[in-house]
A.B. asks: 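Would you mind keeping the following structure in view while I ask a few things?
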Amino acid sequence: AGCADDPSEAGGSSGDTIKVGILHSLSGTMAISEVTVRDSELLAIEEVNAAGGVLGKKLEPVVEDGASDWPTFAEKAQKLINEDKVATTFGGWTSASRKAMLPVFERNKALLWYPVQYEGLESSPYIFYTGATTNQQIVPALDYLKEQGKKSVFLVGSDYVFPRTANKIIKAYAAANGMTVVGEEYTPLGNTEYSTIVNKLGQAKPDVVFNTLNGDSNVAFFKQLRSGGFTDKTMPTVSVSVAEEEVAGIGPANIAGHLVAWNYYQTTEGATNTKFVEAYKAKYGATKVTSDPMEAGYNAVKLWAAAATKAGSVEVEAVKKAAGGIALDLPEGKVTIDGENQHVFKTARIGLIQPDGQIKEVWNSGEPVKPDPYLKGYPWAAGLSS
Amino acid sequence: MGTLNQLVIGASIGAVLLLASLGLTFTFGQMGVINMAHGEFIMAGAYTAYVLQPVFGSQAVVVALPVAFAVGGVLGLILERLFIRRFYGRPLDTLLLTFGLSLILQQVARDIFGAPNVQVTAPGWLTGGLDLGGVRMPYNRIFILVLAVGCVVLISLYLSKLKQGRRMRAVMQNRQLAAVSGVATGRVDQATFFIGSGLAGVAGVALTLIGPVGPTLGSAYIVDAFLVVVAGGLGQLRGAVIAAFALGVLNSFVEFWTANGASFAKVVVFAVIIGFLQFRPQGMFVLRSRALT
Amino acid sequence: MTLTWSKRAAFVAVALLLFVAPLLFTPFRLDLLAKYLCYAIVAVGIALAWGRGGMLTLGQGVFFGLGGYAMGMHLKLVEAGPGQLPDFMSWSGVEQLPLLWKPFANPVFALVMVVVLPVTVALLLGLLIFRQRVRGAYFAVLSQALAAAFVILLVGQQGLTGGTNGLTNFQLFFGLDLYDDADRRILYFVIVVVLGLSYLAVRQLTRSRYGQLLVAIRDGEDRVRFLGYDPALVKTLAFAVSAGLAGIAGALFVPVVGLLTPANLGVIASLELLIGVAIGGRYSLAGAVGGALLFGYAKTIFSESWPDGWLYVQGALFVAVMLWAPRGLAGLANQLRDAVAARRRPPPPVPVPVTLTPEEVRA
Amino acid sequence: MLEVRDLHVSYGRAQVLFGVGLEAPAASLVCLMGRNGVGKTTLLKAVMGVLPARSGTVTFDGRDITKLKVHERVRLGLGYVPQGHETFPQLTVAENLQVARETAGNRRAGVVDEAFDLFPALRGLLKRRAGFLSGGQQQQLAIARALVTEPRMLLLDEPTEGIQPSIVLEIEEAIRQLHAAGLGILLVEQYLELALRLADRFVILDAGEVVRSGPADDLRDESVRRLLAV
Amino acid sequence: MSALLEVRGLNVVFSGFHAITDLDFTLDHGELRFLIGPNGAGKTTLIDVITGLTKPASGTVTFGGEALVGKREFQIVRAGVGRTFQTSVVFEELTVLDNLDLAAGFRRRMPALLRRRHGVSDDVASALDTIGLGDLADRPAGVLSHGQRQWLEIGMLVVQRPRLLLLDEPVAGMSRDERERTGELLQSVARDHTVLVVEHDMDFLRRFASTVTVLHEGRMLCEGTVAEVQADPRVQEVYLGRTREELDKEAA
Ligand SMILES: Nc1ncnc2c1ncn2[C@@H]1O[C@H](COP(=O)(O)OP(=O)(O)OP(=O)(O)O)[C@@H](O)[C@H]1O
Ligand SMILES: Nc1ncnc2c1ncn2[C@@H]1O[C@H](COP(=O)(O)OP(=O)(O)OP(=O)(O)O)[C@@H](O)[C@H]1O
Ligand SMILES: NC(N)=O
Ligand SMILES: [Mg+2]
Ligand SMILES: [Mg+2]
């Protein structure tokens, strides 16, 4: 048996196609979110192929199901690398799945493109992060809240690494910026009973709730917040994992008027986005919506294709080297890869949920923010990345 | 004030648990079928409300109650006819069988309705809540509570007053004797499974008011639902009612008094149940018999 | 006599096959096989507790996890190096190594705990539960709730357990380099040997008088009481043995898979451990082992070749097995023999020994 | 009325009945005899449809009922008291009887009272759960349950087992009366004397085959009795 | 001091129903005692109390100087009390032989338990012979008929060598010859054991009993020889009924 099968040699480009891996949860609790990302990645691949492919070869997606189960993500990643010899992989949503895949990619010196906003404090040489890191989403959101005069914050999150780390950052920010954290609650992923937390919110009466719940739980949380008698006026919230897709599931009536923080909305202006939304609806149905993680997944495919083209090879080290500085016009605007930490420059956007389920931008950072996963540029965050 | 509120919240959590587990007192409690697909019948009920929405608008939830009962019931009936009837007396085998079916049903839902959550709009009269001097009970929770109590009343009437109910209990206790007493056991099995599964459908409609509607909706409730039925004493309606509300209140208080409570509450509830079974090994309500096993 | 002969031959054949497997498989496939073999070790225990003792444990993942975490904690500490914190602790804001972790730096302690932790929990739980004559469906549901509660506990203590991420990222396993394929092959052989020993030990147990006692308790617990035995004790013992095996399997799983998360021991994972046994045949140890391997393999293959719809296939597999081979594949042979014996008409449903009568479910 | 022809029955691989034939004319009382384990219970179960017949036919009232479901046979008029005091353990005594009365098609309210006349002890137990009754009480209930279905032909599998002597006498009397009133009876009974007093005809099974049958008087024959000895 | 079993002031109440009331009952060493009484008199309940299956509301049960109430079932068996059940329960998956072996084995220590059964111990072999199931020794007990199961149960009891045997209707469902054989077996067992038999079969009683205790509605009705008891009008009234001869006489 060959332990010499260095995937970078095979490079997934044998024959006249290039295999690329797509690894998301198609079953289990996370399927709700991740299936749409897979769809947008497949759309991007289709577009790349229509434009002639990469280095004259068509991309051939190999889709695997991570099944909302982190070890399965690791196993399937290994399979894509060792058996299918894919040139690169696009995949993951939860940070837990990324943490599970990370050693696999590092050990095999293979590439992963991870498309979801996350908690930062990480920079693997074998991962490209096309979603926001904290200084492109959470920190701007906090700045915005501070500007709005919000003084007390209640933290509600799912119980795993992203919300816990995000909240750690929020607490550090609050301490340095004269805000107080009046409560912090975690519920298991998939939890759907929020009446007690709603009761606690009612007692704590915070100026704003910072919501890092992920997946299904958001639906239950907002429905129960609403029927608990709270509106966007009496209990404003800002969410960092609620996008158009989730709004549809929650029911716009239950969440309209609340804030979210992302880098992209379906309503984001620009010809590229109009084309993206149209193409997506044409492929998957007119009632479908697009969202930030979907866009980031779409971007990932485009960015990798550009890097490989520039490198003249799909070989991992070559792509990595070529990637730095690549800038594309993508649905959210101009996106540039930061060669140093393999994150991308992204424009931060605060949005207000509309009664029709769309999200209206109410603030943006003006220009793409340089990614700073370790928050080195923020003095208040000095103690965080120990 | 918070404490009083928690009592109300506990009752409403209890009502949800009860509704989710009522059907199991039939299929599990009476028939001994460990139906892991029960959760998927709940899901089917929820999607029924979703499907009716374009026609009935926000009143879909009300229209959906009887329809979901029928949908759940028919699904259950199909399951019973095709599979379960070969498995009476082998509850543990039904567990594996129905687990397989629940995987399939989830995937079916995903293929029909898509993986993302859908939403069901609550009727206007269910938004808002009742303020009882600072204690707030959302109308939709009151609705669920009333629904659960209504179902319990109907079921207990069925079981104790109607000959169909008596027949059902007879079949479950001694199938062969029931047959030689002239009971068409197959028909009774179908009726029992229909009702149990139908109740799951009703529960599904109610759950659309408070939580997500997606392919995995049911699996979120299944473990708790079984726990309620067991803690109540299998097949004991009274026990299930008490167990559901006790667990609901316990849950809400643990969650209230501990930081990071939601995680902790389940653990405490489990410990309490183990402790409780030390005193009452066969659930809250015990059906003893002199027979040896 | 011939039967034992052919069985022995089969055992040898399977053992040989397992030993030449590294020559046949790519390292990736060999890893998968090693993982299935870990499940097979659990299956041996389940066949004892469930097949023989009638204890349908829907929470076997808990013991798997206890063993796995004991091992994982040790490996994590080795990884971090002396005096250092495991990676997830630093990102969870833990600044000092928790007391609970300290002894696991010692490899001997960790190895002992791999068995002692699950066995102790099983003993305690078994005595509490079986003494109260909780059995059948009650036991099944309780053990399922145990798995659910355990997962939530682990997830809720991120600083201590890694939360839902679990423990990931190990390179060294008692001197073996887990990034090296040759070393991984050694690990594979270790697992094969452990499985073989487990199989033989449990086989001896089931054939002993104790094994018969266990079957007797399964079929008539109250009656056994009146024969002068304490069924609670007998059952607890079998339960503890199965827990110990699950613990060992969990400990081996960690280096093979390279991570351990609460999802590996939750309700679904526990059910899947059981389903392998059901597919193979719970009344036969060899069947249970085969079933676990087959189930693991099937799950991988289905999900690889049909990622969008593999749940259909997997679900259909359970249904088919339960419908046509209720005693598992191992029982299928007997069923076929019966069918041939009754040439003219399909035989009446074979009275399958039930672990539970409907009566028992209620009473 | 009841006719069994060339009946073969097996449990899985183990065949128990090998071509049994039997005839119970209307209003006759046939006693089915044989040592332990020869297949008496098996035969009754096959007649009721509780066990499937591998081959052979069962005819009732000139109608082939071999393929009918159990409850259909009951509704045609077959009644059965299984061996070993079978009841619905969690139902009360009253409910036990009610279930049988409601399902057999007949709605005559008097049947339950008639059963109580035969077993007056049951009256005082109406509200008790059957599973808590003593063995003999359960057996009384079991017979009453079968009578309430108003059969035209009654299959009794060791009905007096576990019942106190005075009530055994009453059961004997009741069987005599029911028989006199035209009820056909197929009786499995270990008390030879009782059988002798009641039966018109007898059938002796051995190892799953009929080895002897004839009028009741033949039972006094020594060669017949030897068939029953161990 | 020769009493082996002493029941004093026993009361058993099931949710308000008094199954046994103020019962005093004594068994001496080596006795073969019959216990009769109407259906529901409390005979099985008395055995249930002695063997720990039912907890009494009040009263004591002393066996060889040891108090039994409050002990767990298997401890009572270990103290030397064995019983059969009105409805026989055998282990259907185990062979007849293994059923007997299991019954014989409760005194074995763990190491012996963990070994396989090799051969057949003398006790088991003789019990197998006694109960006449030699042909079926290697068949699973599940295939036994009703009567065969009764035999197996008696065999399982005998191999346990208890000091006190409690038999609940051991000959129900047996043919006359089999009853005869069982009676003889009981007599031989009673030579070195104490035996309490519950039976409704009066022929059997007349043939094998010496002392008889009669229970009625949870109380002791009378105690005496078979003849005494049979002659007692109260016993005739509540239990025996009028025999055929008497009825015939009456009719005449
Ligand atoms: N479930 C079963 N599986 C296999 N064999 C069985 C089963 N039940 C009964 N048998 C076998 O069938 C034969 C006939 O049993 P059956 O119960 O009909 O006897 P019986 O004549 O009624 O005896 P008894 O007088 O003891 O009640 C017995 O030898 C028994 O071994
Ligand atoms: N667990 C119980 N709950 C309620 N009543 C019970 C219970 N056990 C026994 N009884 C009642 O107690 C009385 C005595 O029952 P027991 O079984 O001791 O009678 P028995 O003398 O053995 O009668 P038989 O000769 O019919 O076997 C009966 O009336 C019975 O219904
Ligand atoms: N990165 C997240 N949302 O888990
Ligand atoms: Mg019989
Ligand atoms: Mg009795």
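All figures in this text were calculated on a predicted structure; none of them were measured in a lab. Here is the naming used below: chain letters follow the sequence lines, and residue numbers restart at 1 for every chain.
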A.B. asks: Looking at Lys281(A), I'd like to know if its NZ atom is crowded, meaning that more than 12 non-hydrogen atoms belonging to other residues, nucleotides or ligands lie closer than 6.0 Å.
C.D. replies: yes
A.B. asks: Which residues in residues 117-126 of chain B have any heavy atom lying under 4.5 Å from a heavy atom of chain A?
C.D. replies: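 Heavy-atom contacts from residues 117-126 of chain B to chain A are Asn117(B), Val118(B), Gln119(B), Val120(B).
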A.B. asks: Below 4.5 Å, heavy-atom pairs only: which of Thr196(A), Asn254(A), Val198(A) has the largest tally toward chain B?
C.D. replies: Thr196(A)
A.B. asks: With the side chain counted from C-beta on, respond yes when Ile210(B) and Ser227(A) share a heavy-atom pair under 4.5 Å apart, and no when they do not.
C.D. replies: no
A.B. asks: Which residue out of Ala31(A), Gly228(A), Ser217(A), Gly183(A) racks up the most heavy-atom pairs below 4.5 Å with chain B?
C.D. replies: Gly228(A)
A.B. asks: Within a radius of less than 6.0 Å around NZ of Lys288(A), do more than 12 heavy atoms belonging to other residues, nucleotides or ligands occur?
C.D. replies: no
A.B. asks: Output the distance between atom CD (Glu193(A)) and atom OG (Ser12(B)), rounded to the nearest 0.5 Å.
C.D. replies: 6.0 Å
A.B. asks: So, using side-chain hydrogen bond (donor to acceptor under 3.5 Å, both in side chains) as the criterion, who are the partners of Glu246(A) when residues are at least two apart?
C.D. replies: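 Ser33(A).
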A.B. asks: If you count every heavy atom of other residues, nucleotides or ligands that lies below 6.0 Å from Phe83(B) atom CZ, does the total exceed 12?
C.D. replies: yes
A.B. asks: Just wondering, do Leu209(B) and Lys223(A) contact through their side chains at under 4.5 Å, heavy atoms?
C.D. replies: no
A.B. asks: Can you name the closest pair of heavy atoms from Pro212(B) and Thr192(A) and give their distance?
C.D. replies: CD-CG2, 3.6 Å
A.B. asks: Looking at Ser195(A) and Ile13(B), what are the two nearest heavy atoms and their distance?
C.D. replies: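 That would be OG-CG1, 3.9 Å.
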A.B. asks: Sort Tyr221(B) into side chain, backbone, both or neither according to what part of it lies under 4.5 angstrom from a heavy atom of chain A.
C.D. replies: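 Tyr221(B) touches chain A through side-chain heavy atoms alone.
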A.B. asks: At a heavy-atom separation under 4.5 Å, does Ala253(A) approach chain B through its side chain, its backbone, both, or neither?
C.D. replies: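 Neither part.
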A.B. asks: How far apart are the closest heavy atoms of Asn199(A) and Phe256(B), and which atoms are they?
C.D. replies: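 Looking at all heavy atoms of both residues, the closest pair is ND2-CE1, 3.9 Å.
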A.B. asks: Would you check if there is a donor-acceptor pair between the side chains of Ser27(A) and Gln107(B) at a distance under 3.5 Å?
C.D. replies: no
A.B. asks: Counting heavy-atom pairs under 4.5 Å with chain B, which one of Gly215(A), Pro252(A), Gly229(A) comes out on top?
C.D. replies: Gly229(A)
A.B. asks: Do the side chains of Glu185(A) and Glu255(B) get nearer than 4.5 Å, heavy atoms only?
C.D. replies: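 Glu255(B) does not reach Glu185(A) side chain to side chain.
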A.B. asks: Who wins among Val219(A), Ile250(A), Asn218(A) for the most heavy-atom pairs under 4.5 Å with chain B?
C.D. replies: Val219(A)
